[in-house]
There are 2 protein chains.
Amino acid sequence: MTQIAPPNSPTISDDIYHLIKQDIIKGKFSPGAKLAIKEMCARYHVGNSPLREALTKLAATGLIQQQNQRGFRIPLISGKDLADICDSRIHIEVAALKMAIAKGDDYWEAQILAQFHQLQKCQQQEDVDQAEWESRHSRFHNALIEACDSPSLLGFCNILHDQFDRYRRLAPTDLKIRAELDAQHREIMQLSIAREATKAGELLAEHIKLSARAAMAMFGNR
Amino acid sequence: MTQIAPPNSPTISDDIYHLIKQDIIKGKFSPGAKLAIKEMCARYHVGNSPLREALTKLAATGLIQQQNQRGFRIPLISGKDLADICDSRIHIEVAALKMAIAKGDDYWEAQILAQFHQLQKCQQQEDVDQAEWESRHSRFHNALIEACDSPSLLGFCNILHDQFDRYRRLAPTDLKIRAELDAQHREIMQLSIAREATKAGELLAEHIKLSARAAMAMFGNR
DNA sequence: ATTTACAAGAATATCGATATTATAACAAGC
DNA sequence: GCTTGTTATAATATCGATATTCTTGTAAAT
């Protein structure tokens, strides 16, 4: 009995879902901007239905807002919102990291090393490819928690990551802070593989806070 | 300057989203069942587009599964999945409760008392109205954490609640356990209003575990 | 008997057009 | 001048039909 791998083609809906999602995270739409259906159809060369499905899906993850009979908008930004995303990320991602440290196997350790290496290589370039860095950075953070074996926590982490990234790209990160963040990456990796759950968790919390600081500076209060 | 309240009519898409969501939670579809587009359109008396948007949204929250070119399915159930949902709920809902206890004001306290009272009244009936009980039970749990002032955590709690409820309704809860769960409700309420964050959190964790036990008994292993 | 190839059928996903609702512009009344 | 009411316009949401993809059944080949 040979279980043949199913074909499973992509759909337009799914393709532009990822496209639009990335564009939002990249900041190609300004906060509060209206996403007019017709314009979006023209921009992404798709019809009504798949576009709306993609937008609906994005609205479900909080990356855009939907109002009945009034279409879709890019959410406004605020210090309060960022603080919320940051705090939630700390709660959930730290929990996931601790679980991963408890459950992770050799493959998990290897993947962390591998992704860290790729991130390093990317950063040593003369002019860093932003898109590539973002991708590798995400993969590194994901590798840390992937072994937590909790689909729901991982899903929430992804949602929060996306929302967090939109903020992070609004404010260019200072070089000094960038170096510090990178040092934290190394430390978190080492502590995780050494199974120092508590210390690793604390450092990850610090790391997230520091990441948020640059964007946070754009808002006076919370 | 009189800021008039906007009209904001409902949409078919939004209406059936809630309808289908409740039907899934109520267990009207068996795990693994295929949700054929045409049949669903007939069943809910709606067209193609709003139905697909509703299903897409539900897929984004994990209440149904979507596969490209292969439509939508009700997720299978498993002890592993339930354990994951349960654990995540504990992580996130306990965190939210502690935040709420730290930030809650008089209104928060009053709402908890009010929702608890309504839940009690409902339970003292001869034959409990299941739908009404579910609604009041949800509102009580929500009242506890609402003051946490974190939209993202509250959103995740709702998602997990929905998934959890589907499992809970699969197995009828033993009367003895039911009484115990209700005693916990009262205790959690009291500890919360007394601002005993740690104790309240621990008890909420116990409460969630106990709720899951009945459904968990349906699966031998994890 | 098992696998492979192909064709018919069914289902999903998408398009183009329409109906419904919100928005904007403008006139009338206080 | 400001509010209120009305109409024209534009946008969203929905429908019905079509194209594309998967699935099933049958026949040929190894």
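So that the names make sense, note that chain A is the first sequence line, chain B the second, and so on, each numbered from 1. All values below come from the heavy atoms of this structure, side chains included, with hydrogens, waters and symmetry mates left out. Quantities reported herein were computed from a predicted structural model and do not represent experimental measurements.
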- Within less than 4.0 Å of OP1 or OP2 of D/dT12, is there a side-chain N or O belonging to A/Lys34? yes
- Sub-4.5 Å side-chain heavy-atom contact between A/Phe29 and A/Ile64: no
- Query: Does A/Trp133 have A/Arg178 sitting over its ring (NZ/CZ under 6.0 Å from centre, angle to axis within 45°)?
  - Reply: yes
- Task: Specify the separation, in whole Å, of atom CE of A/Met40 and atom P of D/dT12.
- Result: 11 Å
Using atom names, set out every protein N or O paired with an N or O of nucleotides 13-17 of chain D below 3.5 Å, distance rounded to 0.1 Å.
{"unit_1": "D/dA13", "atom_1": "OP1", "unit_2": "A/Gln69", "atom_2": "N", "d": "3.0"}
{"unit_1": "D/dA13", "atom_1": "OP2", "unit_2": "A/Arg52", "atom_2": "NH1", "d": "2.4"}
{"unit_1": "D/dA13", "atom_1": "OP2", "unit_2": "A/Arg52", "atom_2": "NH2", "d": "3.1"}
{"unit_1": "D/dA13", "atom_1": "O5'", "unit_2": "A/Arg52", "atom_2": "NH2", "d": "3.4"}
{"unit_1": "D/dT14", "atom_1": "OP1", "unit_2": "B/Ile12", "atom_2": "N", "d": "2.4"}
{"unit_1": "D/dT14", "atom_1": "OP1", "unit_2": "B/Ser13", "atom_2": "N", "d": "3.2"}
{"unit_1": "D/dT14", "atom_1": "O4", "unit_2": "A/Asn48", "atom_2": "ND2", "d": "3.2"}
{"unit_1": "D/dC15", "atom_1": "OP2", "unit_2": "B/Gly47", "atom_2": "N", "d": "2.9"}
{"unit_1": "D/dC15", "atom_1": "N4", "unit_2": "B/Ser49", "atom_2": "OG", "d": "3.0"}

- Residues in side-chain contact (heavy atoms from CB on, under 4.5 Å) contact with A/Lys57, at least two apart in sequence or another chain: A/Asp14, A/Tyr17, B/Thr56, B/Ala60, B/Gln66
- What residue among A/Ile25, A/Ile24, A/Asp23 forms side-chain contact (heavy atoms from CB on, under 4.5 Å) with A/Lys21? A/Ile25
- For residues 140-152 of chain B, pull every pair meeting salt bridge (charged side-chain N to carboxylate O under 4.0 Å, His left out), keeping only residues two or more places apart or in separate chains. A/Lys80-B/Asp149
- Message: Quick check on C/dA22: is either OP1 or OP2 less than 4.0 Å from any side-chain nitrogen or oxygen of B/Ser9?
- Response: yes
